[in-house]
2 protein chains.
Amino acid sequence: MNLSIDHKNPLPLHIQAENLLRNMIKDPQYAGGKFLPNEVQLAKQLAISRSTLRHALNKLVYEGLLTRKKGVGTKVAEAAISSKSKNWLSFTQEMTARGIIIKNFELHVTWVLPDETIANFFEISPTKKVLKLERLRGKAEGPFVYFISYFHPRVGLTGEEDFKRPLYDILEKDYMTVATLSKEEISARSADKFIAAKLELEPGHPILVRKRFVYDQGERPIEYNLGYYRADSFVYTVESRRE
Amino acid sequence: MNLSIDHKNPLPLHIQAENLLRNMIKDPQYAGGKFLPNEVQLAKQLAISRSTLRHALNKLVYEGLLTRKKGVGTKVAEAAISSKSKNWLSFTQEMTARGIIIKNFELHVTWVLPDETIANFFEISPTKKVLKLERLRGKAEGPFVYFISYFHPRVGLTGEEDFKRPLYDILEKDYMTVATLSKEEISARSADKFIAAKLELEPGHPILVRKRFVYDQGERPIEYNLGYYRADSFVYTVESRRE
DNA sequence: CTGGATATTATGTACAAACATATAAACATA
DNA sequence: TATGTTTATATGTTTGTACATAATATCCAG
């Protein structure tokens, strides 16, 4: 990856700067909370104007990766693991953007009969088997989320796919299915024995449950997803605006 | 609402322009798909520079309200008008819509010194007292949520208001403050003794915590709200769409 | 009448230069 | 010691200017 800006490169300078910054802030030095060099200095360092640099910075600030404070400086935003409904990033993309490397602890693929909720959501017969994908994921230190996904037969997944690739990438590129609409329900509960064991905590500890109903462009159901998050490492964020 | 830009107004010009544009594009003329005036012309019309105008336009483009096309023009995005404002119901309105009658179990109003989070969010000194409103609310059978709200001094609340009225009604009608933007963080935790007692459950039981940061039209902070919900009676739902 | 060169139009990119304002540290005063 | 005051620093705001590039409209030759 390039570590400096190339004025000959046809890629716009502010995009180059943006990419460069994305890498820069993954450095533990900055991810640890240290301020970036100030704008004037950084602009000089990259040999671009302050305006162009700010253009790049703005984008990262908008994405919530950086925070700025007038008179103080710019630094990497608190790397609290969170979910931003607005941007529609995949789990992996979002975590990577924050410099968090996701590790897969477990991965199971099976074919199962749908329970009532799922059969209803998919509008299929309860005797028709669906693909079930279970994943235990987290950081190097340990898992923090247990995912269960069910896929509508219409999608055409075989179960032989490489689920280490980003899910929505597989769906889009290999199955021409674009996830367009998602309805989510977030609730709290205490961990039962099964989930507690997976997430390496005591039964009874609070967990955050996220149910996700995913639809394609035609608003047809394609995925039902359950996520069980350790309460101590996940915050769900929402931004809403009225006009 | 102002229909032109006031260079005397301390509110930054690009924010004024942004607000103005938000109104402008509600006009059926533009919402119907007509192109806005071109940037150079519009800048002249508003008596601001093209850069400043673009700053405002960029924000709306980020939000997905406008789409631009090089060499062609800028217009209101196709699907932008649809579902956005859906979320903005007051707690009481929302519950009433579901046929749930809300009972106030407790209601306390006090003036307190803000902690660091609040002082930071409000951008005020930690020595400046703010109004704190605590409410225990629920159904006839029992409470299910404990709310704590802090209000920015700018709003002008005295503490003598009738808080049995809907909050946003008070703010709009009596204090000319319109809550326009809200950022929320949802997390899970187990109830401490205080909250457990309020919500009539055992300490250690899971609860859902909702932090809410509320802003007015000028994106100035006006309220910080904490909601502690019984996990067995509350689910948070979100709908998001990508275009 | 059609295809291709050309001009026009509007957004995209980039830089330079001031001045405004919030923050924090250094300093001075009561 | 406590409280202002100044100063250095960094981001925030605003303007002006110039040229690049994509999309569209126009015109001209064959």
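Checking D:dA18, D:dA10, D:dT14 against the side-chain heavy atoms of B:H14 singles out D:dT14 as nearest. Checked against C:dG12, C:dA16, D:dT13, the side chain of B:E39 finds its nearest nucleotide in C:dG12. Distances were taken from every side-chain heavy atom of B:H55 (C-beta onward) to each of C:dT11, C:dT21, D:dT13; the shortest belongs to D:dT13. The A:S51 side chain lies nearest to C:dC15 when the options are D:dT11, C:dT11, C:dC15. The side chain of A:P12 approaches C:dT13 more closely than any other nucleotide in the set D:dT13, C:dT13, D:dT11. The nucleotide whose nearest atom lies closest to any side-chain atom of A:K70 is, among C:dA16, C:dG12, C:dT21, C:dT21. Checking C:dC15, C:dT13, D:dT11 against every side-chain atom of A:S49, the shortest atom distance belongs to C:dC15. Listed nucleotides: C:dA14, D:dT11, C:dT23. Nearest to the side chain of A:R54: D:dT11.
Between A:Q16 atom CD and C:dA14 atom P the separation is 8 Å, expressed in whole Å. Across the protein-nucleic acid pair, A:L13 atom CG and C:dA16 atom P stand 12 Å apart, rounded to whole Å. Nucleotide C:dA17 holds its P atom 13 Å from the CZ atom of A:R50, rounded to whole Å. The interatomic distance linking B:H7 (NE2) with D:dT13 (C1') rounds to 12 Å, in whole Å. Rounded to whole angstrom, the span from the CZ atom of B:R68 across to the C1' atom of C:dA10 amounts to 11 Å. Counting to the nearest Å, the P atom of C:dA14 and the CG atom of A:D6 are 12 Å from each other. As a whole-Å value, the separation of A:L36 CG from D:dT11 P is 8 Å. For the pair A:I48 CD1 and C:dC15 C1', the computed distance is 11 Å after rounding to whole Å.
Residue B:K198 places its NZ atom among more than 12 non-hydrogen atoms of other residues, nucleotides or ligands, all under 6.0 Å distant. Sparse packing is recorded around NZ of A:K59, with 12 or fewer heavy atoms of other residues, nucleotides or ligands lying under 6.0 Å away.
With a cut-off of 3.5 Å on both pairing distances, the Watson-Crick or G-U wobble partner of C:dA30 is D:dT1.
Taking the ring centre of B:F35 as origin, the terminal cationic atom of B:K75 falls inside the region bounded by 6.0 Å and 45° from the ring axis.
Comparing A:L53 and A:G71 by the nucleotide of DNA chain C that holds the closest heavy atom to each, the one mapping nearer the 5' end is A:L53.
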Salt bridge (charged side-chain N to carboxylate O under 4.0 Å, His left out) between A:K8 and A:D6: does it pass, once the steps are laid out? CA-CA 5 Å; A:K8 304 274 174 20; A:D6 176 10; 5.6 Å; no
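Side-chain N/O atoms of B:T52 include none lying less than 4.0 angstrom from OP1 or OP2 on D:dT13. Between D:dT11 and A:T74, a contact under 4.0 Å exists linking OP1 or OP2 to a side-chain N or O.
At a threshold of 4.0 Å, the pair A:R54-A:E39 counts as salt-bridged, since one of the basic side-chain nitrogens sits closer than that to a carboxylate oxygen.
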